Enquirer: 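Would you mind keeping the following structure in view while I ask a few things?
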There are 2 protein chains.
Amino acid sequence: MTRHGENPRSPRGEDADLLLLDQQICFSLNAASRAFGGVYRTALKDLGLTYPQYLVMLVLWEEGALPVKQLGERLRLDSGTLSPLLKRLEAAGLVVRERSPEDERSVIVTPTPAGRELREGALAVPRRILAAAGLPLDDLRALRELLTRVTANLDAAAGA
Amino acid sequence: MTRHGENPRSPRGEDADLLLLDQQICFSLNAASRAFGGVYRTALKDLGLTYPQYLVMLVLWEEGALPVKQLGERLRLDSGTLSPLLKRLEAAGLVVRERSPEDERSVIVTPTPAGRELREGALAVPRRILAAAGLPLDDLRALRELLTRVTANLDAAAGA
DNA sequence: GCCGATTTAGTTGTGCGCAATTGAATTGTG
DNA sequence: CACAATTCAATTGCGCACAACTAAATCGGC
């Protein structure tokens, strides 16, 4: 990025800043998110889970069993993403998917015993991630708060 | 999320917190990143660009022309992602890709006149995004600083 | 009770993002 | 100079994430 420091200011002033890569907050967000992704991939390798699959298991460990719809709400994923993902988790013997007797459109996802046992091994994961992130707790809290706010704002703007 | 507030604390204490979805900083990051993605998709629709393509154009508007390798470094994307992406941008007539005469392994990416003209229409995009994000400048700065730090830490941990 | 409107999960199609691999070009070493 | 090591972009394969669409089930209004 040394090259970038030498970049002369464009005479257009404010407009030039607006379109500089490093001014795009979303780029920083994206870069951080993907950097986390890399560290998670290493940490989750032994569990045989991808990061999105790990998130699914987190929710199921927490809730026990959930309809796909609610799983999607918790994870902010639609059925286009979840359906094949759950299919692979089921193929791996970690969850079962069953039609709800109360509403046959609904499918309940339940961890198998094997899927529940995986939780023990998963305890090391957040510790590794926190260590890699290297931020004090206060900063993590501030980060999470800012992220939550901006996500809520973006959701509101998208719904408008 | 009202259901979540009723979730009794597990007797395991700290361990239970570690694996709660809402405690995963990366989930907040991911959710925010994807929420941005949605707003960008709307904002970029008229330009006919996806968000990653828009980032590529940002860099090229800034630099004029770059080898794929440097483009990848700026955007933190590997050639597996960039190669097809640039191929589509070239097919859309927005960039050209040429082998460097100095090193034939290297490919220089240059915006076409049409690609350069697109910059004018792109000026509205960051404004729309900033409005949708709804954070004061101070908070945006704090957010970017935190993200930069955590990304650097994660990179260091990944390289270890 | 009937039927239109809505909901739910699943499918199709597209564009990513990453790991592994490949072929050609360049670099580095003896 | 010869050749091993490294570099660069492109390709292959896989798992996501989203938009659009589908079929079946359920809801709501008359």
Side-chain angles (χ1 to χ4, degrees), chain A residues 26-27 29-42 44-45 48-56 66-73 75-92 95-109 154 158, chain B residues 26-27 29-42 44-45 48-56 66-73 75-92 95-109 154 158:
Chain A
C26 186
F27 176 65
L29 249 184
N30 219 298
S33 188
R34 287 192 284 117
F36 265 114
V39 178
Y40 265 108
R41 265 190 298 280
T42 304
L44 291 169
K45 199 168 187 174
L49 295 175
T50 64
Y51 175 64
Q53 288 171 2
Y54 165 71
L55 291 181
V56 167
L66 270 188
V68 171
K69 179 173 154 66
Q70 279 179 45
L71 201 44
E73 282 167 356
L75 294 167
R76 305 176 60 94
L77 293 174
D78 66 18
S79 77
T81 303
L82 268 183
S83 202
L85 188 156
L86 292 173
K87 194 169 181 178
R88 282 186 293 272
L89 276 182
E90 190 172 37
V95 305
V96 289
R97 292 183 294 169
E98 289 158 320
R99 289 267 154 204
S100 164
E102 280 112 38
D103 181 347
E104 289 189 35
R105 298 169 302 180
S106 181
V107 170
I108 311 295
V109 187
L154 294 166
Chain B
C26 187
F27 176 65
L29 249 184
N30 220 297
S33 187
R34 287 192 284 118
F36 266 113
V39 178
Y40 266 107
R41 264 191 297 281
T42 304
L44 291 169
K45 198 168 188 174
L49 295 174
T50 64
Y51 175 65
Q53 289 171 357
Y54 165 72
L55 292 182
V56 167
L66 271 187
V68 171
K69 179 172 155 66
Q70 279 180 47
L71 201 44
E73 282 167 358
L75 294 168
R76 306 176 60 93
L77 292 175
D78 66 16
S79 78
T81 303
L82 268 183
S83 202
L85 189 156
L86 292 172
K87 193 173 183 176
R88 282 186 292 271
L89 276 182
E90 190 172 34
V95 304
V96 290
R97 292 182 295 170
E98 290 156 320
R99 289 264 157 207
S100 164
E102 279 114 36
D103 181 346
E104 288 190 36
R105 297 169 301 180
S106 181
V107 169
I108 311 293
V109 186
L154 293 166

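Quantities reported herein were computed from a predicted structural model and do not represent experimental measurements. Throughout, a chain's letter reflects where its sequence line sits, starting with A, and its residues are numbered from 1.
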Enquirer: Does anyone know the first and last nucleotide of DNA chain C in reach of chain B, 5' to 3', at under 4.0 angstrom to a heavy atom?
Expert: C:dG15 to C:dT26

Enquirer: Of all residues at least two apart in sequence or in a different chain, which pass the ring-ring contact (aromatic ring centres under 6.0 Å, His included) check with A:Tyr40?
Expert: A:Tyr51, A:Tyr54

Enquirer: Could you check how far CG of B:Leu44 sits from P of D:dA19, rounded to whole Å?
Expert: 14 Å

Enquirer: Quick one, give me the B/S/- string for nucleotides 8-13 of chain D, reading 5' to 3', where B means a protein heavy atom under 4.0 Å from the base and S means that only happens at the primed atoms, P, OP1 or OP2.
Expert: SBBB--

Enquirer: Please name the pair of heavy atoms, one in A:Glu104 and one in A:Arg99, separated by the smallest distance, quoted to 0.1 Å.
Expert: O-NH1, 2.6 Å

Enquirer: Would you mind reporting whether A:Val56 and A:Leu49 have side-chain heavy atoms less than 4.5 Å apart?
Expert: no

Enquirer: Measuring from B:Leu66:CG to B:Ser106:OG, what's the distance to the nearest 0.5 Å?
Expert: 10.0 Å

Enquirer: Output side-chain donor-acceptor pairs under 3.5 Å for residues 30-37 of chain B, partner residues at least two apart or in another chain, one line each.
Expert:
| from | atom 1 | to | atom 2 | distance (Å) |
| --- | --- | --- | --- | --- |
| B:Asn30 | OD1 | B:Arg34 | NE | 3.4 |
| B:Arg34 | NH1 | A:Arg76 | O | 2.6 |
| B:Arg34 | NH2 | A:Leu75 | O | 3.2 |

Enquirer: Show your reasoning for whether side-chain contact (heavy atoms from CB on, under 4.5 Å) applies to B:Leu44 and B:Thr50.
Expert: CA-CA 7 Å; B:Leu44 291 169; B:Thr50 64; over 6 Å; no

Enquirer: Let me check the geometry of the helix from C:dG1-D:dC30 to C:dG30-D:dC1. What is the bend angle between the axes at its two ends, five pairs each, to 10°?
Expert: 20°

Enquirer: When the distance from NZ of A:Lys45 to C1' of D:dG15 is rounded to whole Å, what number comes out?
Expert: 15 Å

Enquirer: Which donor-acceptor pairs under 3.5 Å do side chains of residues 83-90 of chain B form with protein atoms, sequence neighbours excluded?
Expert:
| from | atom 1 | to | atom 2 | distance (Å) |
| --- | --- | --- | --- | --- |
| B:Glu90 | OE1 | B:Arg97 | NE | 3.0 |
| B:Glu90 | OE1 | B:Arg97 | NH2 | 3.3 |
| B:Glu90 | OE2 | B:Arg97 | N | 3.0 |

Enquirer: Could you say whether A:Leu77 or A:Ser100 is positioned toward the 5' end of DNA chain D, judged by the nucleotide with the nearest heavy atom to each?
Expert: A:Leu77

Enquirer: Specify the residue among B:Glu102 and A:Arg41 whose closest nucleotide of DNA chain C lies further upstream toward the 5′ end.
Expert: A:Arg41

Enquirer: Nearest whole angstrom, please: distance from the C1' of D:dA19 to the OH of B:Tyr51.
Expert: 20 Å

